[in-house]
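Below is one structure, written out as structure tokens; the observations come after it.
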Amino acid sequence: MQVRRLHPWPSSVAEAESIQDRLRGHVELTGPTEFALVAGLDVHYHGDDAVTAAVVVLDGGTLAPVEQVVAEGRVAFPYVPGLFAFRELPTLIDALERLTVTPDLLVCDGYGLAHPRGFGLACHLGVLTGLPALGVGKTPFIGTHEPPGPERGAWTPIAHEGATVGRALRTQRGVKPVYVSQGHRISLDTATGQVLRLAARFRLPEPIRHADHLARHPS
DNA sequence: GCGACAG
DNA sequence: ATCTTGTCGC
């Protein structure tokens, strides 16, 4: 599939932040509610600055694997909270461009709207591809929230500066919640429903687990 | 003001 | 992210 280059690569924190501030205006918060093909994305770090990006496409109904690709690259930016996306974006884009099918939903490892400037990795990937995208975080980042109830499916809103930017979602009984936020072309209800459905067996959604495994053990 | 801060 | 043992639960 094709990915759009909507901006030059930033060479400073200020440039990176201004790119986020500009692209934020392109995010759409409504979209489809069903997805024929869902893709999970993840990056594995090794050595000083080497990264392996993996994208795994699953059948949206059966969750059977349809296609998987990996790309090797280098960390493209220093780690700065809020600018995390710039580290792995180039390698993730390389991997996406090797896909022979176009997914209908990107399930990203990180945040979307629940981000200091409202433009996390999931928003960035969504806008560059034009595809619906959502973010799944494993630890709280911004905003405040109450712990959700212990049962699978329980959730509480994540509030930040007077707005709801995501949800803490319990995907398995008695297991730490995950943090769901919108990336692009998806509602918060749909994002929550998809993550819950894709995480029927484990804490993390199946596409992210597959991508994580592939990035660690490239075939 | 200072520290903490997705992966 | 990654460096790492043992322990608990399914």
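Computed over heavy atoms, backbone and side chain alike; hydrogens, waters and symmetry mates excluded.
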Item to check | Cation-pi check, Arg167(A) onto Tyr179(A) ring (under 6.0 Å, within 45° of axis) | outcome: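 Checked: cation-pi criterion not met.
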
When we call it a touch if two heavy atoms are under 4.0 Å apart, what does [X] touch: a base, just sugar-phosphate, or nothing?
| X | value |
| --- | --- |
| Arg173(A) | nothing |
| Ile142(A) | nothing |
| Pro140(A) | sugar-phosphate |
| Gly120(A) | base |
| Gly82(A) | base |

Checklist entry - Hey, mind stepping through Ile186(A) and Leu105(A) against side-chain contact (heavy atoms from CB on, under 4.5 Å) and telling me if it holds? => result CA-CA 9 Å; Ile186(A) 195 165; Leu105(A) 174 66; 3.9 Å; yes

Item to check | Minimum-distance nucleotide (side-chain atoms of Arg87(A) versus dG7(B), dT2(C), dA6(B)) | outcome: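 Looking only at side-chain atoms, Arg87(A) lies closest to dG7(B).
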
Checklist entry - What nucleotide among dA6(B), dG7(B), dT2(C) has an atom nearest to a side-chain atom of Phe141(A)? => result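 Looking only at side-chain atoms, Phe141(A) lies closest to dA6(B).
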
Checklist entry - So do Leu125(A) and Leu41(A) actually touch side chain to side chain, heavy atoms under 4.5 Å? => result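 A side-chain contact under 4.5 Å exists here.
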
Between atom [atom1] in [X] and atom [atom2] in [N], what is the gap in whole Å?
| X | N | atom1 | atom2 | value |
| --- | --- | --- | --- | --- |
| Leu113(A) | dA6(B) | CG | C1' | 14 Å |
| Glu88(A) | dA1(C) | CD | C1' | 9 Å |
| Arg216(A) | dG7(B) | CZ | P | 13 Å |
| Phe77(A) | dA6(B) | CZ | P | 16 Å |
| Asp212(A) | dG7(B) | CG | C1' | 11 Å |
| Phe202(A) | dC10(C) | CZ | P | 15 Å |
| Leu121(A) | dC5(B) | CG | C1' | 16 Å |
| Leu83(A) | dC5(B) | CG | P | 16 Å |

Next on the checklist: Quick check, does Phe84(A) stack with dA6(B)? I mean ring centres under 5.5 Å and planes off by under 30°.
Outcome noted: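 So Phe84(A) does not count as stacking on the base.
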
Checklist entry - Does dG7(B) have Tyr79(A) stacked on its base, where the ring centres are within less than 5.5 Å and the planes differ by under 30°? => result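 Stacked: ring centres under 5.5 Å, planes under 30°.
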
Next on the checklist: Can you tell me which residue among His184(A), Gln182(A), Arg185(A) is in a side chain to side chain contact (heavy atoms under 4.5 Å, CB included) with Leu29(A)?
Outcome noted: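 Single pass found, and it is Gln182(A).
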
Checklist entry - Can a side chain N or O of His115(A) be found less than 4.0 Å away from OP1 or OP2 on dC5(B)? => result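 Answer is no, no contact under 4.0 Å.
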
Checklist entry - OP1 or OP2 of dC5(B) sitting under 4.0 Å from any side-chain N/O of Arg117(A)? => result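 No, outside the criterion.
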
Checklist entry - Does a salt bridge link Glu34(A) with Arg197(A), judged by any charged N lying under 4.0 Å from a carboxylate O? => result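 Salt bridge absent between Glu34(A) and Arg197(A).
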
